[in-house]
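Presented below is the structure to which this report refers.
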Amino acid sequence: MAGSGARPLASSFLHDFMWAVAGNTGSDLDAFVADGRPGLGFIYLSLPTVAAYHTTADSAARLDPRSVQGMGDFALAVTRHFGNQPLDALPRSPNLVTFPLLPGVVARYAYSWALPLAIVAAIALLVALALGLRRRALSLGGLLAGFAIWLLSFITAVIAVTAVWWLTRWLTPALHNATVGGWYGGPIYLIAALTLALAVTLGWRGLAGRRVRPENLPGGVLIAWALLALLLAAALPGLSYLYVWPLLVAAVLWGLAFVRGGNRWRAAALLAPAAVALWLFAAVFYWLWIYVGRAESFMNIPFAALPVLFGMAVIGLIAALIERDTKYEIRDTNEEGDTTRHSPPAPRISYSVSRLFRHPSLVTLVVALALFAFPALFLRPSPARPWANAVTYTLDAATGEAAWVAFNDSRNGRGTRFVRDEWTAQF
């Protein structure tokens, strides 16, 4: 496949996540591969227009010609690749961990490498933390407190995002029926959910205040990251890359920061792993939000916190970058046993942002709520964005009783007032 000439975009996250959560890939290919036969599935979903998916508003005009062309090019390249091989003796390779690095560039390695890489990254983190403890930049109690704060942030963020999303759905008539694809303003809602999780994380960090040294807080986040990397590498190797590689970058830079010292190394130890994680997670957030729309339409349960479940490790590092400075002391002991105390400067990026926002958690909370409100208030139903509704004619052949059936919106807590709208009333 590497020499097929196509510009692939592949991720083992989709494969492992869909099979683990839904028991299938969500495509028509499942019926064919159920017997163990090999196959490749092609799925097209565009998030900005996905609210029309599987509705009467869906049309060829809503497709992005570039995406359709890309699928055609890839299908042709794959056909040519396998067309030049004997199909009765295709090599059977083990599953691969795959993820996009650049357009047309996909990283890949065998599942068997996932756990060893996670172990190496976890050991590298332990070495970095040991250096920090030795130089008194970290404390064991502080690291445990940092982990506990991250765990509280994780739980609270999931609850907060779910609650706000449920309230948004309840108050917004345009969302009275979640479609199979998603909602109008879907990308804005996705950013709102992640921003609200960041606000919650900043709030917990603010409560920690001077009680915990700044390095201990992201140190606790990285401990959680290491646990997630090891767990996923063992259970769902296709997802492990999201945590293994940012963790490895963080461990190396943290070790160098404690050995070399200096403002730039401290800033890089936070900025670089956060940037790597965001690069890897960007596509995953996109895919998860599409899945959120489809899952809600089937089960009618608010799933907006699903991207937050996977992204809280990233959010923890971003929070460390924008949290305001906290004074603390480092004690150095020389060869003669003399101890000196000093307060090192915080990373410049943290200092500059804190000057702009003295209360980052409050500012982020306001931004998140505004992002939730914007599509709800301004992306109202229109001919271009019609409400998703349906009506079905049923006939009981035994009794001869017939009925027109519309969506029962009482499941969303609003009774039946949206069941009969202008369109369904004509029936």
Side-chain angles (χ1 to χ4, degrees), residues 9-14 17 47 97-107 117-118 121 125 150 153-154 157-158 161 186-202 205 217-226 228-229 232 238-254 257 264 266-292 304-323 347-350 352-353 357 360-361 363-364 367-368 371:
L9 174 64
S11 172
S12 53
F13 175 91
L14 286 175
F17 176 78
L47 192 58
V97 177
T98 59
F99 55 93
L101 285 177
L102 296 170
V105 180
V106 176
L117 285 172
L125 177 64
W150 176 85
S153 301
F154 179 91
V158 170
V161 171
I188 302 176
Y189 285 126
L190 169 59
I191 297 173
L194 297 174
T195 305
L196 180 57
L198 177 60
V200 171
T201 304
L202 288 170
R205 286 177 60 89
L217 292 173
V221 174
L222 291 177
I223 291 174
W225 218 334
L228 290 170
L232 290 175
L239 280 65
S240 62
Y241 73 90
L242 292 169
Y243 301 94
V244 168
W245 295 105
L247 176 63
L248 191 57
V249 172
V252 172
L253 290 177
W254 269 56
R264 294 180 179 178
R266 294 177 185 275
L270 293 175
L271 183 59
V276 172
L278 282 175
W279 182 260
L280 296 177
F281 270 90
V284 171
F285 288 147
Y286 182 99
W287 297 327
L288 285 175
W289 195 251
I290 293 177
Y291 182 80
V292 163
L306 188 60
V308 175
L309 288 173
F310 288 90
M312 278 303 293
V314 188
I315 292 172
L317 284 184
I318 295 175
L321 283 170
I322 64 178
E323 180 58 80
R348 292 179 182 176
I349 186 169
S350 173
S352 61
V353 175
F357 305 113
S361 59
V363 173
T364 312
V367 171
L371 288 172

Sequence neighbours excluded, the answer for ring pair (Phe, Tyr, Trp, His ring centres under 6.0 Å) partners of Phe285 is Phe281
Legend entry - Trace of the side chain to side chain contact (heavy atoms under 4.5 Å, CB included) decision for Ile318 with Leu278: CA-CA 10 Å; Ile318 295 175; Leu278 282 175; 4.0 Å; yes
Those residues at least two apart in sequence (or on a different chain) that pass ring pair (Phe, Tyr, Trp, His ring centres under 6.0 Å) with Tyr241 are Phe99
- Task: Go through Phe17 and Phe310 one step at a time and tell me if the side chain to side chain contact (heavy atoms under 4.5 Å, CB included) criterion holds.
- Result: CA-CA 11 Å; Phe17 176 78; Phe310 288 90; 3.9 Å; yes
The reported gap from CG in Leu198 to OG in Ser153 (rounded to nearest 0.5 angstrom) is 10.0 Å
Note: Val314 and Ala277 closest approach over all heavy atoms is CG2-CB, 3.7 Å
Checking the side chain of Thr195 only, and the main-chain atoms of Ala368 only, is there a donor and an acceptor separated by less than 3.5 Å?
no
So CG of Leu202 and OG1 of Thr364: to nearest 0.5 Å the spacing works out to 5.0 Å
For Trp287, the side-chain hydrogen bond (donor to acceptor under 3.5 Å, both in side chains) test, sequence neighbours excluded, returns none
Contacts of Ile188 meeting side-chain contact (heavy atoms from CB on, under 4.5 Å) (sequence neighbours excluded), chain-then-number -> Leu371, Phe374, Pro375
Heavy atoms of Thr201 and Ala319 approach each other most closely as CG2-CB, 3.6 Å
Contacts of Phe154 meeting ring pair (Phe, Tyr, Trp, His ring centres under 6.0 Å) (sequence neighbours excluded), chain-then-number -> Trp150
CG (Leu217) and CG (Leu222) are apart, to the nearest 0.5 Å, by 11.5 Å
Tested for side-chain contact (heavy atoms from CB on, under 4.5 Å) against Leu117, the lone hit among Leu247, Val244, Val97 is Val244
task: Check whether any side-chain N or O of Trp289 sits under 3.5 Å from a backbone N or O of Pro307 as a donor-acceptor pair, and report yes or no.
output: no
Output for pair (Leu306 CG, Leu288 CG), nearest 0.5 Å, gives 5.0 Å
Say whether, by atom type as modelled, one donor and one acceptor occur between the side chain of Ser240 and the main chain of Ala229 under 3.5 angstrom.
no
Under 4.5 Å between any side-chain heavy atoms of Thr98 and Phe13, yes or no? no
In terms of heavy-atom contacts, Ser12 and Gly238 come closest through OG-O, 2.8 Å
On a heavy-atom basis, the closest approach of Ala226 and Leu125 is CB-CD2, 3.9 Å
So Trp245 and Leu248, side chain to side chain contact (heavy atoms under 4.5 Å, CB included) or not? Walk me through it.
CA-CA 5 Å; Trp245 295 105; Leu248 191 57; 3.9 Å; yes
Sorted by chain and residue number, the side-chain contact (heavy atoms from CB on, under 4.5 Å) partners of Ala157 (sequence neighbours excluded) come out as Ala197, Val200, Val308, Met312
- Validation row: Trp225, Leu317 side chains within 4.5 angstrom (heavy atoms): yes
For Pro218 and Leu270, the nearest pair of non-hydrogen atoms, with its separation, is CB-CD2, 3.7 Å
